[in-house]
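This is a predicted model, so every value here is computed, not measured. Letters A, B, ... are given to chains in the order of the sequence lines, protein chains preceding strands, and every chain is numbered from 1.
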Number of protein chains: 2
Amino acid sequence: MDVEDTKYNNTKELILDAAEALLQDRGFNAFSYHHIAQQLGVKNAAIHYHFTSKTDLGTTLIRRFRQRFRDYTRTLERENAGPVSKLECYFAIPASYLQNGRKICPLGVLEAEFNAIPEPMQLESRLLDKEMRDWLAGVLDDGRSQGVFNFEGSIVDKTLVVVAALQGVLQIARVAGPQIFSVTVRQIKRELGVLEKAV
Amino acid sequence: MDVEDTKYNNTKELILDAAEALLQDRGFNAFSYHHIAQQLGVKNAAIHYHFTSKTDLGTTLIRRFRQRFRDYTRTLERENAGPVSKLECYFAIPASYLQNGRKICPLGVLEAEFNAIPEPMQLESRLLDKEMRDWLAGVLDDGRSQGVFNFEGSIVDKTLVVVAALQGVLQIARVAGPQIFSVTVRQIKRELGVLEKAV
DNA sequence: GTCTATAACGTGATAGAC
DNA sequence: GTCTATCACGTTATAGAC
């Protein structure tokens, strides 16, 4: 049993994977232990062995999102990625959500259900939001300093618009179709002054 | 019993009001007939008399949003409101949601829970989205033609970014605080070229 | 139009065998 | 670590009295 076995192929991780997909597909209050159990071919009680409560499961899920984002940005740092490259990687996250079954941003789900989720999950949501938005603000700041971005307004203001627009458009894509996503990303890039080609 | 009585002060309308608040506060799957009944001081079955199913209630709710928006825009038309004025009125909608208990856009809620709401509600959601976005696109088009707006990109692209950003920021306000709303609106205006004062 | 009563079901959760 | 069995509860919904 090497290190890999503790990371993958164990039920706990599979439960989290299933729960994550269900969260981004239906929302926290619209999936149950039974959904997960059925998907993994186990029984209800097996999930409870790994996560004593649904609150526990939900909180762990958000912590995993946070850790994943940290790992992702650290990798970009190690590769000495520039602001433009970092921005592309940031856009790649919602893009993969959309492709992988029209999922939406986890934070969008949690915020939409915010007043109907357990407090520990609310706290974790706040942290996830802060970490992601702070990171993007840094990228925009660097890009502007280096002259590869060109946009109006303060860093904070601009970061908010970008984050909110991406979160929103993933949701709208469910009623308006997936093609609106790339359209929106194109417009966001335009307004960041990073257009590769002229319009 | 005059006309007013049929519009207000009847239980059916009060149920819709309560359901609407609950929808924008907790989401469709996180409120029940009991919540509404309790709030109105009636019993569960009374709600069922007016709305046979929760699907019925939800669908009626979205139809009411659609009707309200239609009425609102018609009023603006009757008043010969210009594009700038119309835009301000459009921003006033999410602003009132935020003020009135940190509610979020109904469409945002419905889209977040999209795969967990009844099909009739999904259909109504599509219509509401199309109607609102088409209207705003018209406003942006007029404003640009008249030279009171000044922005990059196509009307469709720009409309999407504005709508998505507003929808997103209301959600983010729940974890980041209400003050981020006006910040975002300010940035959106900046990028529409309608800033009243210099930054 | 609203009530009481109740049905039928899904849910989160626990106890105890294997 | 997973199972069966079971509990307590909330939910949508219906029947029938008032």
For [N], take OP1 and OP2 only and decide whether either is under 4.0 Å from a side-chain N or O of [X].
X       : N      : result
A:Lys54 : C:dG12 : yes
B:Ser32 : D:dG10 : no
A:Thr11 : D:dG1  : no
B:Tyr49 : C:dG1  : yes

Output the rounded distance in Å from [atom1] ([X]) to [atom2] ([N]).
X       : N      : atom1 : atom2 : value
A:His48 : D:dC7  : NE2   : P     : 17 Å
A:Lys43 : C:dG16 : NZ    : C1'   : 18 Å
B:Asp56 : D:dA13 : CG    : P     : 9 Å
B:Ile47 : D:dA13 : CD1   : C1'   : 13 Å
B:Gln38 : C:dC3  : CD    : P     : 13 Å
A:His50 : C:dA13 : NE2   : P     : 16 Å
B:Leu40 : C:dG1  : CG    : C1'   : 14 Å
A:Ile36 : D:dT2  : CD1   : P     : 14 Å

Quick one: on DNA chain C, does A:His35 or B:Ala45 contact a more 5' nucleotide (nearest heavy atom)?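 On the 5' side of the pair lies B:Ala45.
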
Is there a side-chain contact between A:Phe28 and B:Asn29 (heavy atoms, below 4.5 Å)?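 Side chain of A:Phe28 against side chain of B:Asn29, heavy atoms only: no contact under 4.5 Å found.
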
Minimum side-chain heavy-atom gap A:Ile104-B:Glu111 below 4.5 Å: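 Side-chain contact under 4.5 Å: no.
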
Counting any heavy atom closer than 4.0 Å, what does A:Phe51 reach on the DNA or RNA strands: base, sugar-phosphate only, or nothing?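 No contact.
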
Pick base, sugar-phosphate or nothing for B:Tyr33, based on heavy-atom distances below 4.0 Å to the nucleic acid.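 Sugar-phosphate, backbone atoms only, no base.
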
Return a table of donor-acceptor pairs under 3.5 angstrom between the side chains of residues 137-149 of chain A and protein atoms on other chains or two or more places apart.
residue	atom	partner	partner atom	Å
A:Arg144	NH1	A:Gly153	O	3.3
A:Arg144	NH2	A:Phe151	O	2.8
A:Arg144	NH2	A:Gly153	O	2.5
A:Ser145	OG	A:Asp141	O	2.9

Please name all residues satisfying side chain to side chain contact (heavy atoms under 4.5 Å, CB included) with A:Thr52, sequence neighbours left out, ordered by chain then number.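 By the side chain to side chain contact (heavy atoms under 4.5 Å, CB included) rule, A:Thr52 matches A:Asp56.
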
Under 4.0 Å between a Lys/Arg side-chain N and an Asp/Glu carboxylate O for A:Lys158 and B:Glu191?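 Here A:Lys158 pairs with B:Glu191 in a salt bridge, since their nearest N and O are under 4.0 Å apart.
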
